[in-house]
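See structure below.
Quantities reported herein were computed from a predicted structural model and do not represent experimental measurements.
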Amino acid sequence: MGFKKLLASLGAGGASVETVLTEENVVPGGVVQGEVRIQGGSVDQQIEGLSVGLQARVEVEGGDQEVKQDVEFTKQRLGGAFEVKAGAVHVVPFGLEIPWETPVTAIAGQQLRGMNIGVTTELEIARAVDSGDLDPINVHPLPSQQAILDAFLQLGFRFKSADMERGHIRGTRQQLPFYQEIEFFPPQQYRGLNQVELTFVADDREMDVVLEMDKKPGLFSESSDSYKAFKVGHHDFAATDWAAYLNQWLADVGGRRNWL
């Protein structure tokens with residue numbers, strides 16, 4: 001079922017614009033399909049440009065507080081200038097590619113709290129730009145990402161929340177100006193942990209998986225062993241028992257820090 005959105009009319013007697021997504025459910029590296037429908041008004045109008053893009057609402061540190069900022073992280077122009085005749089309907093189909101690094105917004109059919117990603121539509125007319133509201137999309141995990149998420153759930157971790165932060169994670173293949181953190185509450189057997197944060201940074205072949213432990217106060221000092229990064233291929237991830245892999249890391253750190 002498509003998601004529809006109506007932009008404000010483009011001036012007195014002007015055209016109105018509706019964006020329809022024929023499929024809102026995608027995966028990183030996939031394509032959002034849809035069309036922009038421009039309904040002519042009472043006069044002919046020259047449209048100088050039409051584009052669609054992806055936008056995310058990310059957290060930006062500013063002084064002593066964090067503020068939210070809308071970041072457009074991909075954009076596609078749909079053809080050149082054209083005229084919309086009075087009363088006519090002009091339909092422009094599109095297929096918008098989803099970058100491999102795009103954060104996951106839904107897991108097992110459930111929306112991740114804190115995620116806000118969608119398609120934007122922008123028209124240029126008479127040297128002015130009319131931007132519409134966000135058309136939300138649901139970005140589901142790749143199979144390789146799902147394997148890591150399933151491993152956490154298998155170990156008894158529970159989803160806490162997710163956010164997107166402006167910045168760059170050193171040593172990763174990151175290209176976007178922001179990254180996602182998925183936060184988990186630990187099960188009872190990892191009693192020294194407050195939470196674990198998970199980040200995926202993918203391309204078309206593999207992904208960096210970044211994990212960071214958040215300790216409970218007073219249990220162990222900050223150390224490099226509370227941070228872990230490793231690579232996972234999209235085609236060979238099934239060869240590893242990820243629950244055992246993650247449990248071994250947690251057990252090793254917990255044993256050294258004496259909180260298991």
Side-chain angles (χ1 to χ4, degrees), residues 3-8 17 19 21 24-30 32 34 36 51-77 96-124 128-142 145 149 152 157-185 194-202 207-214 227:
F3 186 91
K4 297 184 178 181
K5 170 205 51 189
L6 192 67
L7 276 70
V17 182
T19 298
L21 302 182
E24 310 97 272
N25 295 291
V26 295
V27 295
V32 171
V36 180
S51 61
V52 291
L54 288 175
Q55 179 179 288
R57 179 158 291 179
V58 307
E59 293 183 359
V60 181
E61 290 187 8
D64 296 331
Q65 61 181 357
E66 288 186 339
V67 296
K68 297 285 189 178
Q69 182 181 81
D70 291 331
V71 175
E72 188 176 56
F73 60 98
T74 191
K75 190 172 185 177
Q76 178 180 327
R77 192 174 180 88
L96 181 61
E97 293 186 4
I98 306 298
W100 288 92
E101 288 181 46
T102 301
V104 172
T105 68
I107 298 176
Q110 185 174 14
Q111 289 292 321
L112 282 180
R113 186 165 55 88
M115 292 297 96
N116 189 348
I117 294 179
V119 175
T120 59
T121 307
E122 186 177 278
L123 277 115
E124 300 170 39
V129 175
D130 184 15
S131 297
D133 296 330
L134 204 65
D135 292 335
I137 60 173
N138 303 316
V139 186
H140 299 272
L142 294 163
Q145 295 170 333
L149 294 166
F152 273 103
F157 284 82
R158 294 178 292 113
F159 289 117
K160 176 185 177 185
S161 63
D163 60 22
M164 293 177 284
E165 298 187 12
R166 193 172 188 107
H168 192 274
I169 303 175
R170 286 184 299 173
T172 68
R173 69 198 69 216
Q174 184 183 343
Q175 299 293 320
L176 297 183
F178 61 91
Y179 58 90
Q180 179 184 40
E181 288 184 338
I182 302 173
E183 300 174 349
F184 294 91
F185 287 123
N194 185 39
Q195 66 182 30
V196 172
E197 297 172 350
L198 165 66
T199 296
F200 297 123
V201 185
M207 63 183 176
D208 298 309
V209 179
V210 181
L211 302 172
E212 187 169 8
M213 295 183 183
D214 183 11
Y227 174 94

Fill in: Interatomic distance, Gln55 atom CD to Thr74 atom OG1 [nearest 0.5 angstrom]
12.5 Å

Discussion item. So which atom in Ser51 and which in Arg77 form the shortest heavy-atom distance, rounded to 0.1 Å?
Written reply: CB-CA, 3.9 Å

Response to the item:
Arg57 and Met164 have their tightest heavy-atom pair at O-CE, 3.3 Å

Practice prompt. Count the heavy atoms of every other residue, nucleotide or ligand shown that sit under 6.0 Å from CD of Glu72, and state whether that count exceeds 12.
Written response: yes

Worksheet item: Taking side chain as C-beta onward, heavy atoms only, is Leu134 less than 4.5 Å from Thr120?
Response: yes

Practice prompt. Would you indicate whether the side-chain heavy atoms of Val210 and Glu197 approach each other to under 4.5 Å?
Written response: no

Worksheet, complete the sentence: When rounded to the nearest 0.5 Å, the distance separating CD of Glu212 from OH of Tyr227 is 7.5 Å

Discussion item. I want to check something: taking the side chain as every heavy atom from C-beta on, are Ile182 and Phe152 in contact at a cut-off of under 4.5 Å?
Written reply: no

Worksheet entry | Flag, side chain of Gln174 to backbone of Gly167, donor-acceptor distance under 3.5 Å | yes

Worksheet item: Can you find a pair of side-chain heavy atoms, one from Val52 and one from Thr19, that are under 4.5 Å apart?
Response: no

Item to complete: Would you please indicate if the ring centroids of Phe185 and Phe157 are separated by under 6.0 Å?
Response: no

Fill in: Glu24 side chain near Pro136 side chain, heavy-atom distance below 4.5 Å
no

Worksheet item: Got a donor-acceptor contact below 3.5 angstrom from the Asp208 side chain to the Arg173 backbone?
Response: yes

Discussion item. Could you report the tightest heavy-atom contact between Leu54 and Pro99, atom names first, then the distance?
Written reply: CD1-CD, 3.7 Å

Worksheet item: Considering all heavy atoms of both residues, which atom of His168 and which atom of Tyr179 are nearest to each other, and what is their separation?
Response: N-CE2, 4.1 Å

Fill in: For Val26, the option from Leu21, Ile98, Thr105 that meets side-chain contact (heavy atoms from CB on, under 4.5 Å)
Ile98

Discussion item. Using 0.5 Å steps for rounding, measure from the CZ atom of Arg158 to the CZ atom of Phe184.
Written reply: 11.5 Å

Worksheet item: Is a salt bridge present between Lys68 and Glu59, judged by a nitrogen-to-oxygen distance below 4.0 Å?
Response: yes

Fill in: Spatial distance of atom CG (Leu176) from atom CH2 (Trp100) [nearest 0.5 Å]
13.5 Å

Worksheet item: Nearest 0.5 Å, what's the NZ-CD distance between Lys75 and Glu122?
Response: 3.5 Å

Worksheet entry | Exercise: identify the closest heavy-atom pair between Ala202 and Glu101 | O-CG, 3.4 Å

Worksheet entry | Atom CD of Gln111 with >12 non-hydrogen neighbours under 6.0 angstrom | yes

Discussion item. Restricting to non-hydrogen atoms, name the atom on Leu149 and the atom on Pro141 that form the minimum distance, rounded to 0.1 Å.
Written reply: CD1-CG, 3.8 Å

Discussion item. How about CD on Glu97, more than 12 heavy atoms from neighbouring residues, nucleotides or ligands closer than 6.0 Å, or not?
Written reply: no

Worksheet item: Which residue, Met115, His140, Gln180, forms the side-chain contact (heavy atoms from CB on, under 4.5 Å) with Val104?
Response: Gln180

Worksheet item: Could you give the distance from CD (Glu165) to OG1 (Thr199), rounded to the nearest 0.5 Å?
Response: 8.0 Å

